[in-house]
Amino acid sequence: MTESSDFQMKKMPLSNGAGHMPALGFGTLIPDPAVTISATRDALEAGFRHFDCAERYRNEREVGETLQAGLAARGIAREDIFVTTKLWNSNHRPERVEPAFEASLNRLGLNYLDLYLIHTPFAFQPGDEQDPRDQKGNVIYDRGVTLLETWRAMESLVADGKCRTIGLSDIGLNELLPIYESARIKPAVVQVEAHPYLPETELLEFCKAKGIVFLAFAPLGHGMKPGLLEDPAILAIAARVGKTPAQVLLAWAVQRGTALLTTPKSAARARENFNISSLPEDAFDEINRIQTRQRLNDVVNTGSPGFIPRGKST
Ligand SMILES: NC(=O)c1ccc[n+]([C@@H]2O[C@H](COP(=O)([O-])OP(=O)(O)OC[C@H]3O[C@@H](n4cnc5c(N)ncnc54)[C@H](OP(=O)(O)O)[C@@H]3O)[C@@H](O)[C@H]2O)c1
C-alpha cells in the first residue's frame, strides 16, 4: 500500500444501509463523446471506482459502454464500482420519473444504479426538450409539480431494487430541510458545488449531523483561471508538501469529510488526481482560512447548468 491509500480507499457510509460510496469520484460532464470515452477509461485505469453521470450530459451510452469494456478487461465486478446518474428537470412530473430512470439505466447498460439524484430542484416544462424556452428565450418552468412530489416518485424506485439509494443535487439547506423532514426515505447524498472559495460549511455540518454524504463538485474550481489552482495559498502549500495544487485541493475536500467529483481528461491527470493523501494539519487550517468567496456555477439559481464566465461570478 502507498502512503496515499487512506484517501484512495476511503468510502463514505450511505444511510438506509445502502452500502458505501468511494470518496473519490470521477465526473462525466464532458461534451465531446470521444473525450468522454478516453477520460472514463483513464479514470478507471487510474483507480477511480465512483462515476457520476446524468441524462443531461447526453453521454450515458458512451460512459456505460466504456465502463462495461473496462470492467471486462480488468476483471472488475459491477459491485466494485459505484455509478450515479441524475433525473433531469424536464422529468420532474411523478409519472415521468420511472421512465427517465429506466432510460438512463438502459443507456448505461446497467441493471441497477447505486445512486439516483434529482439533478436540480427546478422543474422545467415536462417533455423531451431538455432546455424548454419561450419566445423571449426564458426558461419555461413547470409550476404544476412540487419537489416533494418528485421525491415521492424517487422513493418508489428504491423499493424494486434497481436503485440502491437516492439524493438531491444543486440544493441549498432551505430547500433540503422540508424534503428531509417529510421524506420516507431520507436523502443519502447531496451533490453541490464546493471548494475553498465556496465551503458551504452550514450545509456540510447539517449533512454530517444527519449522516448524509456531502458530494462536492468543482473541487478544483472547475479548473478556471485565474482561480483556485493559482491561489497563492494553494501554490505555497503545494510547494511545501511536494504535491500539485490539484492534489492539495482534492485532499482538502476529503480531509474535511466530503466526497468529491473531479474530471481529469488525460491519463496523467487521472493518476495525479487519484494519487492524493492527507495534508499536514497546518496546511489544512490555512486553506480553511482562505477568505475569497466565489460561486462558479449558476445552476442553483436557475436550474440551467453552466459555469459562469470568468469575471462575472459573485
Ligand atoms: N450537479 C451539478 O449540477 C454539477 C455541475 C457541475 C459538475 N458536476 C459534476 O462534477 C464533476 C466535476 O466537476 P468539474 O468539471 O467542475 O471538476 P473539476 O475537477 O473541479 O474541474 C475540471 C477542470 O479542471 C481541470 N483539471 C482537472 N485535473 C487537473 C489537474 N490535475 N491540474 C490542473 N487542472 C486540472 C480540467 O482541465 P482539462 O479539461 O484540461 O483536463 C477541467 O477543466 C462533473 O464532471 C460532473 O459530474 C455536477
Side-chain angles (χ1 to χ4, degrees), residues 21 24-32 34-36 38-40 42-43 46 48 50-60 62-63 82-89 108 115-122 130 167-172 187 189-198 200 203 213-231 234-235 238 243-254 258-276 294-308 310 313:
M21 168 197 273
L24 298 189
F26 172 77
T28 65
L29 173 51
I30 305 173
D32 183 278
V35 179
T36 300
S38 61
T40 304
D42 292 341
F48 284 92
H50 165 181
F51 297 86
D52 180 77
C53 313
E55 57 172 311
R56 183 67 175 83
Y57 302 164
R58 299 183 186 148
N59 60 3
E60 289 173 304
E62 285 83 358
V63 175
F82 187 99
V83 183
T84 302
T85 198
K86 311 186 193 84
L87 178 86
W88 183 239
N89 300 352
L108 286 163
L115 174 65
Y116 198 42
L117 299 174
I118 299 182
H119 200 143
T120 88
F122 296 87
Q130 290 188 331
L168 294 146
S169 172
D170 297 323
I171 193 155
V189 176
V190 169
Q191 180 184 133
V192 292
E193 177 183 339
H195 41 71
Y197 291 173
L198 190 69
E200 295 283 22
L203 181 61
V213 174
F214 180 110
L215 176 57
F217 78 73
L220 304 180
H222 195 54
M224 287 166 135
K225 291 186 178 175
L228 276 161
L229 287 165
E230 294 176 339
D231 184 284
I234 301 296
L235 292 178
K243 292 282 186 181
T244 67
Q247 289 169 326
V248 169
L249 288 163
L250 298 176
W252 175 81
V254 177
T258 76
L260 64 84
L261 296 171
T262 180
T263 306
K265 298 196 199 71
S266 69
R269 280 190 173 169
R271 286 192 295 272
E272 175 185 340
N273 291 9
F274 192 70
N275 183 23
I276 62 168
Q294 191 175 29
R295 180 180 293 286
L296 303 172
N297 196 307
D298 203 28
V299 63
V300 285
N301 299 317
T302 62
S304 291
F307 284 92
I308 304 162
R310 221 175 64 195
S313 50

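As the structure lists them, so they are numbered: ligands from 1, and atoms in each ligand from 1.
- In terms of protein heavy-atom proximity, atom 47 (O) of ligand 1 is closest to Asp52 OD2, 2.7 Å.
- Heavy atoms of Gln247 come nearer than 4.0 angstrom to ligand 1 in no pair at all.
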List, one per line, each side-chain donor-acceptor pair under 3.5 Å for residues 260-268, sequence neighbours excluded.
from, atom 1, to, atom 2, distance (Å)
Thr262, OG1, Asn273, ND2, 3.2
Thr263, OG1, Gly27, O, 3.1
Ser266, OG, Arg269, N, 3.2

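- Residue-level proximity to ligand 1 for Pro219 is carried by backbone and side chain together, each with a heavy atom below 4.0 angstrom.
- Annotation: Glu272 places an N or O atom under 3.5 Å from an N or O atom of ligand 1; distance criterion only.
- Remark: ligand 1 and Leu29 share an N or O pair separated by less than 3.5 Å (distance only, no angle test).
- Heavy-atom distances between Phe26 and ligand 1 stay at or above 4.0 Å for every pair.
- Heavy atoms of Pro305 come nearer than 4.0 angstrom to ligand 1 in no pair at all.
- Under 4.0 angstrom from ligand 1, the non-hydrogen atoms of Lys265 come from both its backbone and its side chain.
- Looking at Thr263, Asp170, Leu260, Leu215, it is Thr263 that brings a heavy atom closest to atom 22 (C) of ligand 1.
- If you look at Asn273 next to ligand 1, the close heavy atoms, those under 4.0 Å, all belong to the side chain.
- Summarising the contacts of atom 41 (O) of ligand 1 with Arg271, Met224, Arg269, the nearest heavy atom is found in Arg269.
- Ligand 1 has an N or O atom lying under 3.5 Å from an N or O atom of Gln191, backbone or side chain.
- Nearest protein heavy-atom contact of atom 7 (C) of ligand 1 is Phe217 CD1, 3.5 Å.
- Near Thr262, meaning under 4.0 Å from any of its heavy atoms, are these atoms of ligand 1: 19 (O).
- Here's the thing with Asn297: none of its N/O atoms is less than 3.5 angstrom from an N/O atom of ligand 1.
- Protein heavy atom closest to atom 21 (O) of ligand 1, with residue, atom name and distance, is His222 CA, 3.2 Å.
- Proximity of Ala218 to ligand 1, defined as any heavy-atom pair under 4.0 Å, is shared by backbone and side chain alike.
- By the criterion of a heavy-atom distance under 4.0 Å, the side chain of Leu229, and not its backbone, is placed next to ligand 1.
- Taking every heavy atom of Thr28 and a limit of under 4.0 angstrom, the matching atoms of ligand 1 come to 45 (O), 47 (O).
- In this structure, the side chain to side chain contact (heavy atoms under 4.5 Å, CB included) partners of Ser304, at least two apart in sequence or on a different chain, are Phe124, Asp131, Arg133, Val139, Thr302.
- At the top of the distance list for atom 46 (C) of ligand 1, counting protein heavy atoms only, stands Tyr57 OH, 3.4 Å.
- Side chains of Leu115 and Met21 form a contact here, defined as non-hydrogen atoms less than 4.5 Å apart.
- Checked against a 3.5 angstrom limit, the closest N/O atoms of Leu220 and ligand 1 fall inside it.
- Counting heavy atoms from C-beta outward, Val300 and Arg295 have side chains that approach closer than 4.5 Å.
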